[in-house]
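Following: one structure in structure tokens, then a few remarks.
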Amino acid sequence: MSAAHDDHHHGPAKGLSRWLFTTNHKDIGTLYLWFSFAMFLLGGTFAMVIRAELFQPGLQLVDPNFFNQMTTMHGLVMVFGAVMPAFVGLANWLIPMMIGAPDMALPRMNNWSFWILPFAFAMLSSTLLMDAGAPNFGWTFYAPLSTTYAPETVTFFIFAVHLMGASSIMGSINIIATVLNMRAPGMTMMKMPLFVWTWLITAYLLLAVMPVLAGVVTMMLFDVHFGTSFFNAAGGGDPVLFQHVFWFFGHPEVYIMILPAFGIISAIIPTFARKRLFGYDSMVYASASIAFLSFIVWAHHMFTVGMPIAGELFFMYATMLIAVPTGVKVFNWTATMFRGSMSFETPMLFAIAFVVLFTMGGFTGLMLAITPADFQYHDTYFVVAHFHYVLVPGAVFSIMAAAYYWLPKWTGHMYDERLGKLHFWMSFIGVNVLFFPQHFLGLAGMPRRIPDYALQFADFNWISSIGGFMFGASQLILLVVVIKCIKGGKKATAQVWEGAQGLEWTLESPAPYHTFTTPPDPKLIHAQ
Amino acid sequence: MASAGSHETYYVPEQTRLPFFASIGLILTIFGLGNVLNDIRASESSSFSTLIAVTGFLLLSFILFQWFSTVIRENHAGMNSDQLKRSYVWGMAWFIFSEVMFFAAFFGALFYVRNFAVPWLSGEGGKGPTGEVLWPEFQAVWPLIENPNAAIFEGPHESMAVHEWSLAFFAKYLPFWNTLILLTSSVTVHFAHTALKASNRKGLIQWLSVTVALGLLFLSLQVIEYTEAYGHYGLTLDSGIYGSTFFLLTGFHGFHVTLGTFMLSVMLARAIKGHFKPDDHFGFEAASWYWHFVDVVWVGLFFFVYLL
């Protein structure tokens, strides 16, 4: 029964049930990507409220407590709702096609990983409408702000984090099983596209740290509801314990949000430079080194909290070490472009902007790594500028680059290049106007997470807000581009991009509903 | 990995309602539970919230039952290729890894509190005068009996740690017996596995029954221990950091033992129905891996929570 059953290909089911009950990696990838985009707009709306309030000094639009809810929800929604699901969506779409597998290893669980998320975020967002208001203790939810002094909605926040963790853990198990077990004959580990490699490492990181996040919110839950004193010194606990456990999750988390981006950029730059990626092996080892180092640097987020000097020094040097493998990557991307036959389609523009601006964010990271200097920078807008440079023109730009790069493969149509370029330039200018002045604000001493500020910060703040509105508005262009591309446009070829390498480009565009039900010809698999 | 010549198709299931409804069951459970907790804290009636949570949990359990049944049915129908079976093996292995990291968070908290936080509170390490100003009387000892602020967190009268290193003490020391019970159960579940591989169904059922019994025995001793802790030792969740770490570590371990015992009972029922074959029994193996995992965690617990 099963053989005959498997041999003819089913198309997608009709109507809504296709999306609710699907086990297809492409459908689930699409769901993740749309969910991520919706969360990007929601989190973006929160950011617009923040920037509007900060447009000029004084309290204008929202009261301080609501402002805190906005910063908290903005961070949570962007990290857990926009960036992470976007990468999981890309992994779903691309990993099976890149390694010549028929689907993800565990297709039903794949559906579950996705469908937990909308419910979890609905619960988290519903706190905005509750009497006590949404969580207001920052996305890092430091105790005792998030325990002793938290609004009662902290309970829903904690459970939402548990659900997101469950979703991530199941998604990661699926990705690891797929990569280790589902590669087509001939697809050896060192022939895998870097996106697959970086996701394999990311999934490992997720499995290592999402349970720790679950652990720390569980301790919060018990402190809030059952009288334990993990984070209460009166009972012998320590609020600093919270920070240690949180950042043991939190630091690998930032690499979770950037490693898949490295994989994307490593796919796009060779295509448009029309050269093989420079230093494939070193890229793999550099990613693994970054993953390893990410476990031993967490306390650089806590230099000012009070640590023994040996701890401060250890975490400073370990943090600086990360610059080495990261530098390897930036060097390799640059070397790939060197003397390449470059062309500048939208994905390439985003990729180049990524390399330049992510590197800038990396450099400010090095500045922050210097313990004595961090005593000045800590909790200022310099930190805000730093992590937004690595996350927005870093992670988010890579996601946009990926969307433009693979959209023709997904939809079968070329996107509108003119609109794409407009989107890129608006975003590029917007993001720099938005975040660059925040470096100056931070160095001048403006603290983060405040709704009002001293007069001397006024100029850079309105510039930053203008950039914010510009960046925010230009994301609607992306929505238009994607919808137009789904509806129609120039027919895409299988190859799509002249210089593109890899199994997904051997499939017709749009990629058929089921692909590689029999493994591809090993001759199609090339060294990277 | 699969050889190109004799390629088996990897079974990709058709669309399924299971995960979507499992998500609904899960969110109802969690949302209901969150409301129950908040109702209790606000001293309000929590009956409606409880209803939501229970409904959700029943739905979730029903769906998971269906889900596992489907997977088992498909395997019996021969739809699972060797490659698919390896996916389950990888899946379970990495799931256990994530569980290890969950416990690592609590063990890490215990180490941090014992080695840093509590000594610092008593003024060690030149951490400034905070501890001395707030609680000058505070003495760093572990297990912590006297909390820094006894008005808020009344400490236990006694700890669960080893009081004296003598045979007479260990003979009446429940955690010691629990260690023996769990270690034995790891061996018996291995015997069950050996019997299964040797097509000895009777042996499988006997050894598995022994393992489940040992699991239940462990849990009953834990219940006795908890009753003593609350009743006689004054050791509770809100008796300061010693109680916090003690109950969360042993409590989550106990929860995992409960889960493991449940898994093994299901495997026992399946063994009685004749489900497993000597060369095809990953369901059993996964449950036994899980059981070994909870044993290893217990050994860590016994050392770091009770002995040291």
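When reading the values below, keep in mind they use all heavy atoms of this one structure, side chains included, and skip hydrogens, waters and symmetry mates. Proteins get letters first, then strands, A, B, ... in listed order; numbering begins at 1 in each.
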Heavy-atom closest contact (P148(B) atom, A233(A) atom, distance)
CG-O, 3.2 Å
Between N181(A) and the options K85(B), Q83(B), R86(B), the side chain to side chain donor-acceptor pair (under 3.5 Å) test singles out R86(B)
Side chain to side chain, L106(A) and Y88(B), heavy atoms closer than 4.5 Å
yes
Quick check: do T16(B) and F21(A) have side-chain heavy atoms less than 4.5 Å from each other?
no
At a heavy-atom separation under 4.5 Å, does D223(A) approach chain B through its side chain, its backbone, both, or neither?
neither
Using every non-hydrogen atom in the two residues, find where T9(B) and T517(A) come nearest and quote the distance to one decimal.
CG2-O, 4.1 Å
Picking from L20(A), T153(A), D27(A), which has the most non-hydrogen pairs under 4.5 angstrom with chain B?
L20(A)
Please look at A203(A) and chain B and tell me whether the side chain, the backbone, both or neither of the residue comes under 4.5 angstrom of a heavy atom of that chain.
neither
With a 4.5 Å cut-off on heavy-atom pairs, point out which of E154(B), E99(B), E74(B) contacts chain A the most.
E74(B)
Let me see the working for E14(B) and T23(A) under side-chain contact (heavy atoms from CB on, under 4.5 Å), right down to the final yes or no.
CA-CA 7 Å; E14(B) 290 294 296; T23(A) 50; 5.8 Å; no
Find out whether M210(A) and S98(B) are in side-chain contact, i.e. whether some heavy atom of one side chain is under 4.5 Å from a heavy atom of the other.
no
Is there a side-chain contact between M170(A) and F95(B) (heavy atoms, below 4.5 Å)?
no
With a 4.5 angstrom heavy-atom cut-off, which part of L144(B) approaches chain A: side chain, backbone, both or neither?
side chain
Among G227(A), G165(A), A214(A), P107(A), which residue forms the greatest number of heavy-atom pairs with chain B at distances under 4.5 Å?
G227(A)
To the nearest 0.5 angstrom, please state how far the CD1 atom of I96(B) sits from the CG atom of L207(A).
12.5 Å
Could you check which of A177(A), A234(A), G237(A) has the highest count of heavy-atom pairs closer than 4.5 Å to chain B?
A234(A)
Does any backbone or side-chain atom of F102(B) lie under 4.5 Å from a heavy atom of chain A? Answer side chain, backbone, both or neither.
both
Is the shortest side-chain heavy-atom distance between M123(A) and I27(B) below 4.5 Å?
yes
Test item: F249(A) and M101(B) side chains (from C-beta on) under 4.5 Å apart, heavy atoms
no
What part of F21(B) is in contact with chain A, defined as an atom under 4.5 angstrom from a non-hydrogen atom: side chain, backbone, both or neither?
side chain
Closest approach of F20(B) and N111(A), non-hydrogen atoms and distance?
N-OD1, 4.0 Å
With under 30° as parallel and over 60° as perpendicular, where do the rings of W67(B) and W112(A) fit, or are they tilted in between?
tilted
Does any part of the side chain of L248(B), heavy atoms only, come nearer than 4.5 Å to the side chain of F230(A), both counted from C-beta?
yes
Which bit of T245(B) comes within less than 4.5 Å of chain A, counting heavy atoms only: side chain, backbone, both or neither?
both
Minimum-distance pair of heavy atoms, taken over all atoms of H225(A) and N38(B)
CE1-OD1, 3.4 Å
What are the two closest non-hydrogen atoms of A105(A) and L84(B), and how far apart are they?
O-CD1, 4.0 Å
What part of V209(A) lies closer than 4.5 angstrom to a heavy atom of chain B: side chain, backbone, both or neither?
neither
Heavy-atom side-chain proximity of L221(A) to L37(B) below 4.5 angstrom:
yes
Which of the residues T178(A), N110(A), D238(A), L241(A) is involved in the greatest number of heavy-atom pairs with chain B at under 4.5 angstrom?
L241(A)
Check each atom of H244(A) against the heavy atoms of chain B and say whether the ones under 4.5 Å are side chain, backbone, both or neither.
side chain
Less than 4.5 Å to any heavy atom of chain A: does that hold for the side chain of A104(B), its backbone, both, or neither?
neither
Looking at T228(A) and F153(B), what are the two nearest heavy atoms and their distance?
O-CE2, 4.3 Å
Tell me, out of T218(A), V245(A), V154(A), who's got the most heavy-atom pairs with chain B below 4.5 Å.
T218(A)
Ring geometry between F222(A) and F252(B) (parallel below 30°, tilted from 30 to 60°, perpendicular above 60°)
perpendicular
Most heavy-atom pairs under 4.5 angstrom with chain A, which of G243(B), G240(B), S244(B)?
S244(B)
Shorter than 4.5 Å, heavy atoms on both sides: which option in L18(B), V113(B), L26(B) has the most such pairs with chain A?
L26(B)
State whether the number of non-hydrogen atoms from other residues, nucleotides or ligands found under 6.0 Å of F62(B) atom CZ is greater than 12.
no
Report the distance from atom CD1 of I116(A) to atom CD1 of I30(B), rounding to the nearest 0.5 Å.
9.5 Å
Heavy-atom pairs under 4.5 Å with chain A: which of V89(B), N35(B), L33(B) has the most?
N35(B)
One pair to check against side-chain contact (heavy atoms from CB on, under 4.5 Å): V71(B) and R108(A). What are the steps and the verdict?
CA-CA 10 Å; V71(B) 171; R108(A) 277 186 284 240; 3.9 Å; yes
In terms of side-chain heavy atoms, does W94(B) have a donor or acceptor partner in S172(A) at a distance below 3.5 Å?
no
A quick test of your reading: do over 12 heavy atoms of other residues, nucleotides or ligands sit less than 6.0 Å from CD of E146(B)?
no
Got a sec: does the CZ of F295(A) have more than 12 other heavy atoms crowding it under 6.0 Å?
yes
Between R41(B) and chain A, which part of the residue has a heavy atom less than 4.5 Å away: side chain, backbone, both or neither?
side chain
Does atom CZ of F111(B) have more than 12 heavy-atom neighbours, drawn from other residues, nucleotides or ligands, at distances under 6.0 Å?
yes
Is it the case that the ring center of F31(B) lies less than 6.0 angstrom away from the ring center of F156(A)?
yes
Need one label for L121(B): side chain, backbone, both or neither, based on atoms under 4.5 Å from any heavy atom in chain A.
side chain
Can you tell me how the ring of F97(B) sits relative to the ring of Y204(A), calling it parallel under 30°, perpendicular over 60° and tilted otherwise?
parallel
Contact part of I40(B) toward chain A, heavy-atom cut-off under 4.5 Å: side chain, backbone, both or neither?
neither
Among S23(B), G34(B), A105(B), which residue forms the greatest number of heavy-atom pairs with chain A at distances under 4.5 Å?
S23(B)
Between S229(A), G215(A), A160(A), S113(A), which shows the greatest number of heavy-atom pairs under 4.5 Å with chain B?
S229(A)
